[in-house]
Structures are given as structure tokens and as C-alpha cells.
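Notes follow the structure.
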Protein chains: 4
Amino acid sequence: MARPLSEEKREAILTAAVDLVAAQGTGAPTAKIAKEAGFAEGTLFTYFATKDDLLNELFLEIEAELAAALLDDYPTDGSPYERTRHIWSRLIDWGAANPAKRKTIRQLKVSDRVSEASRCRASGLFEEIVGRLEGNLAGHVSTEYDAAYVSAILDTLAETTLEFIMRYPDKREHYKRAGFDAFWRGIAR
Amino acid sequence: MARPLSEEKREAILTAAVDLVAAQGTGAPTAKIAKEAGFAEGTLFTYFATKDDLLNELFLEIEAELAAALLDDYPTDGSPYERTRHIWSRLIDWGAANPAKRKTIRQLKVSDRVSEASRCRASGLFEEIVGRLEGNLAGHVSTEYDAAYVSAILDTLAETTLEFIMRYPDKREHYKRAGFDAFWRGIAR
Amino acid sequence: MARPLSEEKREAILTAAVDLVAAQGTGAPTAKIAKEAGFAEGTLFTYFATKDDLLNELFLEIEAELAAALLDDYPTDGSPYERTRHIWSRLIDWGAANPAKRKTIRQLKVSDRVSEASRCRASGLFEEIVGRLEGNLAGHVSTEYDAAYVSAILDTLAETTLEFIMRYPDKREHYKRAGFDAFWRGIAR
Amino acid sequence: MARPLSEEKREAILTAAVDLVAAQGTGAPTAKIAKEAGFAEGTLFTYFATKDDLLNELFLEIEAELAAALLDDYPTDGSPYERTRHIWSRLIDWGAANPAKRKTIRQLKVSDRVSEASRCRASGLFEEIVGRLEGNLAGHVSTEYDAAYVSAILDTLAETTLEFIMRYPDKREHYKRAGFDAFWRGIAR
DNA sequence: GATGAATGAGAATTCATTCAT
DNA sequence: GATGAATGAATTCTCATTCAT
């Protein structure tokens, strides 16, 4: 059996970790995470051998969730513009709906506790998305931009756009559109 | 005065802090920072009352340096495009030349140890730049984009571009140009 | 429960604290206290959240023990003189038997680490004794002396008497009697 | 020259020490004491080789001042009762006028930083007073009480009385009289 | 499997003292 | 003689991890 322990409890710990890492960074104590999850300190270590393991799995879990969200309900039949917009839309919607997870990812991305291996695996999770993006943009993007760079730009513009959306929630649709416009025009041939 | 508090030593501590915070995050021990700077543990605290003070001052110091770098040698006579490009160019050059400082800023930006007050003061340091940017782009930018958002996009694109430059140093000029193009086209009317 | 917090261990820490605070004052290191109690440094803090908590609880614990000792085996049927003497006798006996606790109490009483709240609660522990003293002395004491002042005099004379007893153990009974005589005569109408 | 350094500055440091030791105990930092006295940290150590020296000299200085105060204006011609009362009166007056010094003495008396030697020398300062007390009381005191014990009782009753005077300043004369009455009657034959 | 007490290696400070200026 | 920066040992407290129950 791959995972004999209760998946439910494992998730409870990861959920608690999201909140605490978002608020306090990777320095958040395992004891607090365990308590927030409703467990005793020691229990955390039956689900994650070390704190670093927890942090790395947390990272991968959120990245996987995000990757899945981006492709959910993907309009295979849509135009390249529509398909690209769909990914952007999901990016913004998921980010707006999960501010703590976004904050946690930002913390983890700058932490040396997340291993190179984890970062690689996380990259892998987005391979399909990058591939689709590449396909969608084939006729639109300038030759200056390779797929990885385009993806990174999309991601970073979404991040910035989300910051403005969090600051001015009333202008959510405005920034969502403006952000995508900047992307679409920016990379255009 | 016996020995005056030397600005030189203060800078030595900040310099050591840059390296260690870049590598280990805000959790880097003050003892290590002091030792790296060539001082005894206690000496750090004659220059910075608390670790939080050190972190906040470090943040402001780097931000101030960056802000100054962006306007250095600013081509007042240039065209709006040239002036904007100049800021972009400085952003990329400073970033490429100071990877540890960039990493440190990223660490500090996600840390709750950097106070709201420090963040405000840091914002203030970029006011003039944002103002000039706004002036430069007056005739170019789409009405969708307010000055703050434009500045944030410029900054985030530079950050992303720098990541690619660090990864592929050979393609520095390529990415530098491509990144600016994306910006200039992206926000265009 | 894994291992329950044991009252026994808590007492061991308090006992160690008595010895060290008596000898070194409230500056006695928690590490030494823990080691003297037979524990690792950190263990102390699972029983007392902070050193101040330890000190305050130590204070209250000793005061409670003393208060209990004074009323132990109290001769309800005795004459007022006998009953008052009984309290004096207990005071002296407890003090002579517990020199370290006496020393510790003296240290704690002059320390600003013992809170006003703790002092109040300690006062409360002696309320019954003060009340009984007042009743016992009703027919004997001069109107000059209120109950609180009488109690304070009894206490301070006992303290002084104990110092002489410690210095000249052979004369214990002599000083014990002489001290009480001074009290009884001193406050007489 | 016995003391080549400025006596004035030495006194300034001792005065500052009184306030700080009264408030914070012997743990009061030398740096704070120096600053309160108007000097730099290091200057303190040209007047007192170590903190322990400062503490011991502080102790002796205050004890000497008190001893002198008790005999000031001593009524050589008065009756034994009057002469004894005079000492009591001085004790109370000095104590009421110098609460910080009293508090400091209490701190120092329980501190292991005041050496046995200092305690002996302090005792010596009161020898004359004890002698006079003995003479005064020759015809009055019960044989139960040796001179040292009588002196200690006088001192401790004064201390207790002063506490009540500080708490109820309106009743100063009442407690001052009542305290002495308790002493005088208490030790009487 | 769950619990949480026990552990001890750090971590940030503090502070008496020294000594270059 | 005065100054106060420099020092590093000592202190309180935290926390990941272990393991007896």
C-alpha cells in the first residue's frame, strides 16, 4: 500500500500548514500546525517524517491543485485566444479564491527548505499546461518568446494582477481583463 | 567619543546579512551574520537593536539602492520610449549585478518581520520613479492601466526576465530586449 | 495521554528552585534549576511557561505551605494565649526546619518579578490566621494595634528570632520564648 | 592619596545606583547606573573596579549614613527612655525620608554579592549604637534579651513600622509611637 | 496509531568588562 | 580621566524530533 495512513488526516495537517505558513512563513512551528489540525504534536510526524518533508509535500500539493485548476473545464473546442484566456481566468479565479495558498507558495518558493527535486516535480506538473499554451499561441506569439518564458510571464502577470485585485476587490474584472490584455498584446508578433 | 559607530561596520553587517538572508531566509542566525561580517555576536546589536530592526533596515537600504540605481544617469532629454527603456535597463542591470540582493528582497517581501511602515517607506522611495514612468507613458499607455499597476508590471516582468537571464546568461541581451518589448507592447493603447 | 505532567516533577523543579534562589537570588539560571531537579533545560518550561511564572508559583507554594503549617494541629480549645503561642511556635518551628524556603521567600519578597497579584493571593492565604490572631488577642491587645500591624509584628519578630536561632542553635528554646514574650508584652494593653 | 578620583562623581554613581537597585534589584545593569549618573558606561569602572565592588560600597555607604543619622543630635543628657526613643525616632525619620535607600539595603542584605566582610564592617558601624542602647536599657530590659537581640528587634520593628507608615502616611505619628511602645514594653523586665 | 512530555541544540539578547581613541 | 564600541559568555526561551505510555 502506498499510503496506509488516513489520507484525511494527512490533508488536515496540510490544510493547517497552509494557514500557518502563509501567516508566519516556513518558521511556523510544527506543534502549532498539528494543534491547528486538531492533533497532538507528535502525530504530525507519523504523516510526515520531518518538517522539510511536510513543507515539500505541501508545496507539491498546492502546485498540483493549481495545475489541475488551470485545466479544469478546459475548452478544447475554443479558439486559441479563448483557450489561453481560460487558463488566465482559472489562474486569477483560483488565486483570488485561495489567498493563503498563494501566500504559502510564495513563501515556499523562496525557501531553501524546498528541494531542487521538489521544484523539478512541480515544474513537471505544469508541463501539460505549458504545452497547451505553446500550442495555443503558435500563431500569435512573437518568435522572441520561448514557451517557458511565455509561461513565466503569464504566471507573474497573474500574480501581480492578483495583488491589485486583493487590494481593490471592486475592480476585479477590470484588472483581470487588463492583465490578460497586457499579456496577449505583450507577447504578440 | 571613544570609537564612533562606524558607518563602514554597519555596512559590513548589512552586506553579510544580504548573503545570509539570500541563502537561508530571514531565519539566518544573527550570530552567523555577525561572524560573516567579522564581528563578535554582540557587536551586531550595537548597530541594530533587534534582528527585526536589522531586517527592516536591510530592506530599506536595498530598496533605496535600487531606486537610486534606476534614476542614475537618467536621460532627461530622451524620448519617452528611451527614458522608459533606461529605467528598464537599469532594473535589469542592477538585478543581474546583485543577485543576492534581489533574493534577499524577495525573502523580505514575504516576511512578516518587515513592518507595514517599512513597506510604506520603501514605496515612497519609488514615488519619483513611478511619477516619471507615468509621465513617459502618458501618450503611450492604454487607459486600462493606472500608474501603480504599470509600475508593478514593469517590476514583475523584470524579475521574471532576470530569472531567465540568470539561468541562460548567454541570452542576456535577448531576454532583456524581449522583456521590455513585452512590457511596451503589453500596456500600449 | 502519553506521559502526564507529573505533580512530582513539578515539585522537584520547585524544590530545586528553592535551593538555588535561596543561594543566588532570583538571578539563579533556569538551566541550573532544571539540572538540579534532574531534568533537561527545556523540561522546566513544560512545567512553567516562563521563569517569572516559576518564581511566582514558587512564592505562592511556599507561602501556602507556611500558612498551612501555622494552623496545623491548632488548639481550638486552648486559651487565647495558648492559641497565639501555638501560631508562634509553628512559625519558629517551620522557619527553623526550612531555612532555604525562608531565604527564598525573602528573596522573592524584594523582587519585582513577583507580581502584585501574587502578593495579594499570598496575603489571602494568611487571612484566616490574621482573623484568628485578632480573635485571640481581643482581650489582650492595646487599642493602638490593628490586626494587620499585630500580624506583621508577629511575623517580623519571628524572622528576627529565627536569625538568632540559626546563629545560636543551642539557644533555640531561649530565643523562641524570649521572642514570644517580647511580642505578647509588646502589644499588651 | 587615598582617593584621587572625584568624590563628587563617585557619589553621583552611588546615588544613581540607589535608585536602580531599589527598583530592579542587584540585577540593575551598570550601564544604566552610569547613564543615570550622567556618565558613560565605562566611567563607572574607573570609580569601582567591578560591579560587586560598587554593590559592596553602596551597602556600606548607606549603612554608614544610617548609623550617623541615628546618633545625630543625640541627647546625651536625656533619660534612658528619651535616649532610646531618640534612636527610634531617627530610625523612623531616616527611613521615611529615604525609601529608596531602605529598599536598596533590603535588596543588598539578601544578595550573595555583598560579602561577609562587608556585612561585618557594616555591623561595626552600629557598634556604638548597640553599646549606647545597651547602656540605656540596662535598668529596663529583661535579662532574656542580649544587646544584639534587642538591637535586632528594634531594627526589625522599625522596618515593619515604616512599611505601615508608607502605606498609611496619615497615621505616621500613630505608628511611630505604637511601634516604639511595642518595643519598650516588649523587652521590659 | 495517537499522545504529549522530554530532550537539548540552537536563537536572540543582555551585560560586565576592556581598551582604543 | 572620560568615552562608548567591542567582546563573548551567559541567559531565557523555542522547537523539531523521539519515545514511553
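In what follows, every chain begins at residue 1, and chains take the letters A, B, ... in the order their sequences are listed.
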- [ ] Identify the heavy atoms of A:Leu60 and A:Ala122 that sit nearest to each other, and give their distance.
- [x] CD2-N, 3.7 Å
Open item on the list: Can you confirm whether the side chains of A:Thr43 and A:Thr46 place a donor and an acceptor under 3.5 Å from each other?
Closed with: no
Open item on the list: By nearest heavy atom, map D:Lys51 and B:Asp52 onto DNA chain E; which one lands nearer the 5' end?
Closed with: B:Asp52
Task: Sugar-phosphate, base or nothing in reach of A:Tyr47, heavy atoms under 4.0 Å - done: sugar-phosphate
TODO: May I have the distance from A:Ile13 (atom CD1) to E:dG1 (atom C1'), rounded to whole angstrom?
DONE: 12 Å
Task: Pairing of D:Glu57 and D:Arg10 as salt bridge, 4.0 angstrom limit - done: yes
Task: Residue B:Lys9, side-chain heavy atoms: nucleotide from F:dA6, F:dA2, E:dA6 that is nearest - done: F:dA6
Task: Protein-nucleotide distance (D:Leu54, atom CG; E:dA16, atom C1'), rounded to Å - done: 12 Å
Open item on the list: Quick one, B:Lys109 and A:Arg106 - any side-chain contact, counting heavy atoms below 4.5 Å?
Closed with: no
Open item on the list: Considering every strand and a 4.0 Å limit on heavy-atom distances, what is the contact class for A:Ala49: base, sugar-phosphate, or nothing?
Closed with: nothing
Open item on the list: Categorize A:Lys32 for me: base, sugar-phosphate, or nothing, with a 4.0 angstrom heavy-atom threshold over every strand shown.
Closed with: nothing
- [ ] Using Watson-Crick or G-U wobble geometry with both distances below 3.5 Å, tell me the partner of E:dG10, or none.
- [x] F:dC13
- [ ] Nearest-nucleotide wise, let me know which of B:Arg113 and C:Ser6 is further upstream toward the 5' end of DNA chain E.
- [x] C:Ser6
Task: Closest to the D:Glu41 side chain, choosing from E:dA2, F:dG4, F:dT7 - done: F:dG4
Task: Touch class at under 4.0 angstrom, heavy-atom based, for C:Lys35 against every strand present - done: nothing
- [ ] Check every atom of E:dT17, F:dT17, F:dT12 against the side chain of C:Phe45 and return the nucleotide holding the closest atom.
- [x] F:dT12
Task: Beyond-backbone contact of D:Glu159 with D:Arg102, side-chain heavy atoms, under 4.5 angstrom - done: yes
TODO: For A:Thr50, report the nucleic acid contact type (base, sugar-phosphate, nothing); a contact means any heavy atom under 4.0 Å.
DONE: sugar-phosphate
- [ ] Would you kindly give the CZ-to-P distance between B:Phe48 and E:dT14, to the nearest whole Å?
- [x] 16 Å
Open item on the list: Categorize B:Ala28 for me: base, sugar-phosphate, or nothing, with a 4.0 angstrom heavy-atom threshold over every strand shown.
Closed with: sugar-phosphate
Open item on the list: Once side chain to side chain donor-acceptor pair (under 3.5 Å) is applied, what residue pairs with a partner in residues 17-33 of chain A remain, sequence neighbours excluded?
Closed with: none
Open item on the list: Both B:Thr46 and D:Gly38 contact DNA chain F. Taking the nearest nucleotide for each, which residue is further toward the 5' end?
Closed with: D:Gly38
Task: Atom-to-atom span, CD of C:Glu7 to P of E:dA5 - whole angstrom - done: 14 Å
TODO: When you get a sec, tell me which of E:dT7, E:dT3, F:dT3 is the closest nucleotide to the side chain of C:Phe39?
DONE: E:dT7
- [ ] Ignoring backbone atoms, test whether D:Thr30 places a side-chain nitrogen or oxygen under 4.0 Å from the OP1 or OP2 oxygen of E:dA16.
- [x] yes
Task: Watson-Crick or G-U wobble mate for F:dT21, both contacts under 3.5 Å - done: E:dA2
Task: Length of the CZ-P vector between D:Arg10 and F:dA2, whole Å - done: 14 Å
- [ ] Using the closest heavy atom to pick a nucleotide of DNA chain F for each, name whichever of B:Ala40 or C:Gly42 lands nearer the 5' end.
- [x] B:Ala40
Open item on the list: Side chain of B:Thr43 only, heavy atoms from C-beta on: which candidate in F:dG4, F:dT7, F:dT12 is closest?
Closed with: F:dT7
